[in-house]
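What follows is a short report on a single structure.
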Amino acid sequence: MIYEKDSNKNDNLRTHSLSILVDNEAGALARVVGMFSARGYNIDSLTVAQVESDENLSRITITTSSTDRVIDQIKAQLERLVPVHKVLDLGNEGTFVSRELIFAKVKCKGEKRVEALRTADIFRAKVVDSTNKSFIFELTGSSDKLDAFITLMKDLGLVEVARTGSVAITRGSSKII
Amino acid sequence: MNFSGANIVIKSLRDLGVEYVFGYPGGAILPIYDEIFKQNKIRHILVRHEQGAVHMAEGYARSTGNVGVVLVTSGPGATNAVTGLTDALMDSVPILCLTGQVPTHLIGTDAFQEADTLGITRSCTKHNFLVKSADKLQKTIFKGFQIARNGRPGPVVIDLPKDVQNDQTTYIPNMNKRFRSSYSKKNINNSSVNKDHIDIACQLIIKSKKPIVYIGGGLINSGANAIKELKNFSILSNFPITSTLMGLGAFPASNNLFLGMLGMHGTYEANMAMHDCDLMINIGARFDDRITGRLDKFSPKSKKIHIDIDPSSINKNVLVDIGLIGDAGKILNNINKKLKTLNFSSLNQLRSNWWKTIKKWRRKDCLNFTNSKEIIKPQHALKVLNNKIKDKDFFITTEVGQHQMWAAQFIGFDKPNRWMTSGGLGTMGYGFPASIGVQIANPESLVICVAGEASFLMNMQELSTLKQYNLPVKVFIMNNRYLGMVRQWQEFFHGKRYSESYSDSLPDFVKLAESFGIKGMRVDHPEKLNEALDEMINHKGPVLADICVDKAENVFPMIPSGAAHNEMKLSDKDKVPTSTKKGKMLV
């Protein structure tokens, strides 16, 4: 490995999406998360589910804000874990798509009820539950879009949010493993 | 044909070539102890505390290059092993630790002697397993062994519930011949040497005017081939070589190219060379903070090549120019081959000025100390010891503290695997049990544990083990009645307020030894040292020697934490350059 000091690497914090393919076994997630906490790295969001039932693999998507140098170290530390098969920093693999899903519970009456529905319509959020004093909206999108939706709903009586965290995948035909 | 899980454990260990197991029985591991009773191929060494078992296995592993095997029970058995496991993780020692566990149906019920061994040991092992069915037992043991030994070695825990030990299942003979796991593939992927990178490294090597080779324990883990290739490289290049605490012995201390240990208590010449070099070749070391001192002033003018089998070591603490990932022996072999084609040795005069500078630094004679006729100086004691053992087949283990640093400075190691010390974790209580493991692996050799009185007290229960197996270990206690290194830091950095660093109420070590049926000795005057050491070395059985040394002696040279390599304190007369806030914050 050759390193060009001071070239493209810089010390600015950037958000990275890491895709981590691990054996679907007890404790694998604890090892990954434990590595982050033991070495003082932060996790902004985390999702995990089994993706390849034949090979018994789970995919973990972690978003983290770090400098490039720290990301290299995180990758190396993750690859060292025995159940980890592959770690990809999606930003380094060309472009990728990233989405998350939220449920937003909004408690409102009268004018605000109409306004909440109108806003939901603009964001193409779905109503998945409705009572005469509340809605639950389901919305999928980029993290920025969800943040914007939540901000608007705060004024309209937002009481609770459940949020999945990002899942991400590279564009094009290439395969992670 | 079916066998019990416990029987399969013993069969598997035998297939893997295990000769010794260090352990302590208990309820949840009884089926395996029953199997140990029924056979005589694997010898069990009964320890007196599970921490001792792991350190013994470490001593065994580091002196032989084999995996050390530990057998303990559930709950307190496993938690007592944790310090040893962490020590093995920090120093990359291959250990397989089998822990008993309550039966699977009781896991999670807070059963008697239940502990979450998997959770507790997750962060102090390279990997760990809980075996939930007997069918998976054999494969797990083979995989655990493979993980402990391959790549960067480390400790592996396998947690064995009692019902799994009792269940019947089939045993596959000769599994080791065709054993492959997902880990095999992973290891191969991690160590591919790129020829272009070797070429670029060789160009840097050839052009360098002020090179230094900085070697570490990874070279010893890599094995005999790496040691040979380093020797070849040194003959080809004539480069100066310095070593970390863990790497001592990988290159002969008696060779003129060797500058001694580097780092916080390293030699003046080694640290100055690290600071002023234009090319640093790090082989199997990890830029630990004891080595680098102040990071932003670490070797500011050099290009750096880093050879390591663990990709996460590259650029972790210090940014390097070229990272070569893989086995040190193989990479050095590639470098040597390339260098031979480049007519390299004819360029030796490029570096003649560098050697002149190094000779000038050497003349400082930084390990010099003022000897005394009244009181035994610890450095003097070790010098005398070194003279007496240097022509013998010897192994040294140490505890942690001042005596450890003096031993590293004053005992010369010409061969690898002869020096066992707790480097990364700095575990007081490591050295004495480790020396037992070393002696078991090398029954005919002279094994000496250089100890401090305080460290020795931390695992002295193993005197009973020493006696039981009548192992001729010589415990060389340099007794200064202080936690010496703590006292030294309090003197330098905390206004001589010696808070709780006095070793009060010490036992009479001679009587202590005798109470275990071991020879005890006390030496309290420099005149008696010579004769006493002969007596100690020539005694056929174990010896506990209490060497009463100067209470106030400090270890020099010293790079105070927060200082750079060229800011060394060479004696008590030097003003300590840092008592800065930043320095004090560091350890």
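All of these numbers come straight from a predicted model, not from anything done at the bench. Chain letters run A, B, ... following the sequence lines, proteins first and then strands; every chain starts at 1.
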Quiz item: Quick one: what part of Leu118(B) sits under 4.5 Å from any heavy atom of chain A, side chain, backbone, both or neither?
Solution: neither
In terms of heavy-atom proximity below 4.5 Å to chain B, should [X] be classed as side chain, backbone, both, or neither?
{"X": "Val84(A)", "value": "both"}
{"X": "Leu81(A)", "value": "backbone"}
{"X": "Ala38(A)", "value": "neither"}

Quiz item: Nearest 0.5 Å, what's the CG-CD distance between Asp310(B) and Gln77(A)?
Solution: 7.0 Å
Practice problem: Take atom NZ of Lys107(A) as the centre, draw a 6.0 Å sphere, and report whether it contains more than 12 heavy atoms from other residues, nucleotides or ligands. | Solution: no
Quiz item: So do Val82(A) and Ile147(B) actually touch side chain to side chain, heavy atoms under 4.5 Å?
Solution: yes
Exercise. Work out which heavy atom in Leu319(B) is nearest to a heavy atom in Arg69(A); give both atom names and the distance.
Key: CD2-NE, 3.5 Å
Quiz item: Minimum heavy-atom separation for Arg80(A) to Ser312(B), with atom names?
Solution: CD-OG, 3.3 Å
Exercise. Before giving the answer on side-chain contact (heavy atoms from CB on, under 4.5 Å), spell out for Asn128(B) and Arg31(A) the whole-Å C-alpha distance, their side-chain angles and the decisive distance to 0.1 Å.
Key: CA-CA 10 Å; Asn128(B) 59 13; Arg31(A) 277 175 224 284; 2.8 Å; yes
Practice problem: Apply side-chain contact (heavy atoms from CB on, under 4.5 Å) to Asp23(A) and list each qualifying residue two or more places apart in sequence or on a separate chain. | Solution: Glu25(A), Leu57(A), Pro83(A), His85(A)
